[in-house]
Chemist: 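Before we start, here is the structure in question, set down as structure tokens.
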Amino acid sequence: MRDILRTLTDAIRAGRDLVVCGLVETRGSTPQKAGAWMLVFRDGSQAGTLGGGCVEAEVRQRALRALDQGEPELFTFQLDDDYGWDDGLICGGRMRVLAEPLRGGDGLAYFDAFRALVERGDGCTEAVVVDAERVPELAPAGRVLFDARGVVAARRRLDSVPPGVAAGLADLAERPRPATACGVAYLPVLPRARLLIVGGGHVGQAVAELAAAADFAIWVLDDRERYASRERFPSAERILVGDVGGTLAGLELDPRTYAIIVTRGHHHDEEALFHLVNKPARYVGMIGSKRKIRLIYDDLIAQGIAPERLERVHAPLGLAIGSQTVPEIAVSIVAELIAHRNLGAAPEQLRRRAAALGAARESRDAAFAENEA
């Protein structure tokens, strides 16, 4: 969302005519979910995607017609034989797309406000009128942008915002999904999680690259300047160089923070965990063998760390996928971080889910083989 908003606001400032095509509601199986955007420019080029296939091509054609007419339009697509046969997109679901043309610098104030909220990382919610008959006091295709506290930050095509619209907002801390109620689509942009990587070695570097692509804000800490460098961590928002314990002791972390310990040795791991375990981070994980983890836990308990605080630590870090190489280890770690961020699931829960799915597949395959025989 940050990239598409940057492209959008830069294009408006440059005086380019375009159409914002937003997926405002989905039902059933669809290639993209509500909240996805695609920008269509007058020359037919685009930025972003609604999932590809025939639907996207049709949206692009209709968007260009809307650009000439100058009025927003709401399109509904049923993903059946008419859309997606050649592209394998017969999902059976339904997509509703709002295409809003912007000409001559129109919309800059609203989308600038949207961009500022998203780049701040606190999260926000856009409420879009998708059924004006159910809310006659609101204009068709009206937009309201609420900040993380539920305060109106900007609005478009609306003179005022009835209190009932704000009443439909969900708490962003619960990581709600898009929803539609009373003719209004609520499209949350969730708060951006921060990932503090303690240790700038090969694993930390590989994790940072993957996690940044998964929209984590990256912080890196190492006591060696040559490892905690901009060259090694080009996507990092903050690079900290200094004594691990001393730096962590003075570092303020909030409940949006994920922290992983991937240092070069037992001593640094223990020191990092000592300072992190009592901080209000949402997630703390540590790499290492079960034996090393047990030794570190014993030492920390001897130093006065409460055992129940250690129970919240995710260790060994990463999903059990048989990782051997550094890239594989990074994949296992980032997969666990994503699962925790999006689902609130612990590795044990994920393993149980995987085992259940595996058992179901085995049962299905056995039944199929029996029928074939």
Side-chain angles (χ1 to χ4, degrees), residues 1-13 20-26 33-37 39 48 72 74 96 98 100 102 105-132 134-194 215-217 237-238 252-258 280-282 341-342 344:
M1 180 58 80
R2 286 178 299 132
D3 290 341
I4 201 78
L5 281 167
R6 289 170 185 164
T7 300
L8 171 59
T9 53
D10 289 348
I12 295 174
R13 280 193 172 81
V20 179
C21 301
L23 190 51
V24 293
E25 186 180 16
T26 62
K33 296 304 179 184
W37 278 15
L39 309 180
L74 190 66
R96 300 187 75 188
L98 173 63
E100 181 176 4
L102 303 175
D106 182 35
L108 182 59
Y110 179 86
F111 291 107
D112 256 350
F114 203 157
R115 174 178 171 176
L117 285 180
V118 170
E119 291 192 338
R120 189 185 304 164
D122 296 334
C124 57
T125 302
E126 187 181 33
V128 181
V129 179
V130 294
D131 189 348
R134 299 189 64 183
V135 276
E137 67 271 31
L138 298 179
R143 298 175 182 263
V144 187
L145 185 62
F146 295 93
D147 68 14
R149 300 169 298 162
V151 176
V152 175
R155 63 179 184 267
R156 224 177 120 63
R157 302 176 64 82
L158 295 173
D159 295 328
S160 61
V161 181
V165 176
L169 294 174
D171 184 359
L172 293 177
E174 301 298 324
R175 302 192 70 82
R177 297 186 179 187
T180 301
C182 302
V184 177
Y186 293 91
L187 307 170
V189 178
L190 301 177
R192 193 172 184 222
R194 177 188 303 123
D215 204 33
F216 284 87
E237 290 192 356
R238 189 172 179 184
E252 292 188 7
L253 302 181
D254 60 32
R256 281 193 348 220
T257 303
Y258 285 63
R282 179 180 174 89
R341 180 189 65 182
N342 294 355

Chemist: May I ask you to decide whether Asp112 forms a salt bridge with Arg115, counting only side-chain N to carboxylate O separations under 4.0 Å?
Modeler: no
Chemist: What's the verdict on side-chain contact (heavy atoms from CB on, under 4.5 Å) for Leu108 and Arg13, showing C-alpha distance, side-chain angles and the deciding distance?
Modeler: CA-CA 7 Å; Leu108 182 59; Arg13 280 193 172 81; 3.8 Å; yes
Chemist: Checking Asp147 against Asp122 for the side-chain contact (heavy atoms from CB on, under 4.5 Å) test, could you report, in this order, the C-alpha distance in whole Å, the side-chain angles of both residues, the deciding distance, and whether it holds?
Modeler: CA-CA 8 Å; Asp147 68 14; Asp122 296 334; over 6 Å; no
Chemist: Does some side-chain heavy atom of Val184 sit less than 4.5 Å from a side-chain heavy atom of Arg134?
Modeler: no
Chemist: Measure the CZ-CZ distance between Arg256 and Phe216 for me, rounded to the nearest 0.5 Å.
Modeler: 12.0 Å
Chemist: Might you work through the side-chain hydrogen bond (donor to acceptor under 3.5 Å, both in side chains) test for Thr7 and Asp10, ending with a clear yes or no?
Modeler: CA-CA 5 Å; Thr7 300; Asp10 289 348; over 6 Å; no
Chemist: So how far is it from Arg96 CZ to Leu23 CG, rounded to the nearest 0.5 Å?
Modeler: 11.0 Å
Chemist: Can you name the closest pair of heavy atoms from Val130 and Ala185 and give their distance?
Modeler: CG1-CB, 3.9 Å
Chemist: How long is the span from the CZ atom in Arg282 to the OG1 atom in Thr257, to the nearest 0.5 Å?
Modeler: 11.0 Å
Chemist: Where is the tightest heavy-atom contact between Leu169 and Gly150, given as atom of each residue plus distance?
Modeler: CD1-CA, 3.8 Å
Chemist: Does atom CZ of Arg177 have more than 12 heavy-atom neighbours from other groups under 6.0 Å away?
Modeler: no
Chemist: Using every non-hydrogen atom in the two residues, find where Ala141 and Leu98 come nearest and quote the distance to one decimal.
Modeler: CB-CD1, 3.7 Å
Chemist: Within this structure, what is the CG-NZ distance for the pair Leu187 and Lys33, rounded to the nearest 0.5 Å?
Modeler: 13.5 Å
Chemist: Could you tell me whether Glu237 and Arg194 make a salt bridge, using a distance below 4.0 angstrom between a side-chain N and a carboxylate O?
Modeler: no
Chemist: What are the two closest heavy atoms between Val152 and Val161, and how far apart are they?
Modeler: CG2-CG2, 4.3 Å
Chemist: Could you tell me whether Arg157 and Glu100 make a salt bridge, using a distance below 4.0 angstrom between a side-chain N and a carboxylate O?
Modeler: no
Chemist: Does a side-chain heavy-atom distance below 4.5 Å link Glu25 with Leu74?
Modeler: no
Chemist: Are any side-chain N or O atoms of Tyr186 and backbone N or O atoms of Val165, one a donor and one an acceptor, separated by less than 3.5 Å?
Modeler: yes
Chemist: Asp131 versus Cys182: any side-chain heavy-atom pair under 4.5 Å?
Modeler: no
Chemist: Are Asp215 and Arg192 packed together at the side-chain level, in the sense that at least one heavy-atom pair is separated by less than 4.5 angstrom?
Modeler: yes
Chemist: Check the pair Leu8 / Phe114 against side-chain contact (heavy atoms from CB on, under 4.5 Å), numbers first and verdict last.
Modeler: CA-CA 11 Å; Leu8 171 59; Phe114 203 157; over 6 Å; no
Chemist: Rounded to the nearest 0.5 Å, what's the gap from CG on Leu158 to OH on Tyr110? Could you check?
Modeler: 9.0 Å
Chemist: May I ask you to check if Arg341 and Tyr258 form a cation-pi contact, with NZ or CZ under 6.0 angstrom from the six-membered ring centre and within 45° of the axis?
Modeler: no
Chemist: Walk me through it: do Arg143 and Val20 pass the test side-chain contact (heavy atoms from CB on, under 4.5 Å)?
Modeler: CA-CA 12 Å; Arg143 298 175 182 263; Val20 179; 4.1 Å; yes
Chemist: What closest approach, in Å, do Cys124 and Val118 show between heavy atoms, and which atom pair accounts for it?
Modeler: SG-CG2, 4.1 Å
Chemist: Give a yes or no on this: more than 12 heavy atoms of other residues, nucleotides or ligands lie within 6.0 Å of atom CZ of Arg2.
Modeler: yes
Chemist: Closest heavy-atom contact between Pro188 and Pro178?
Modeler: CD-CA, 3.7 Å
Chemist: Count the heavy atoms belonging to other residues, nucleotides or ligands that lie under 6.0 Å from CG of Asp171, then report whether that count exceeds 12.
Modeler: yes
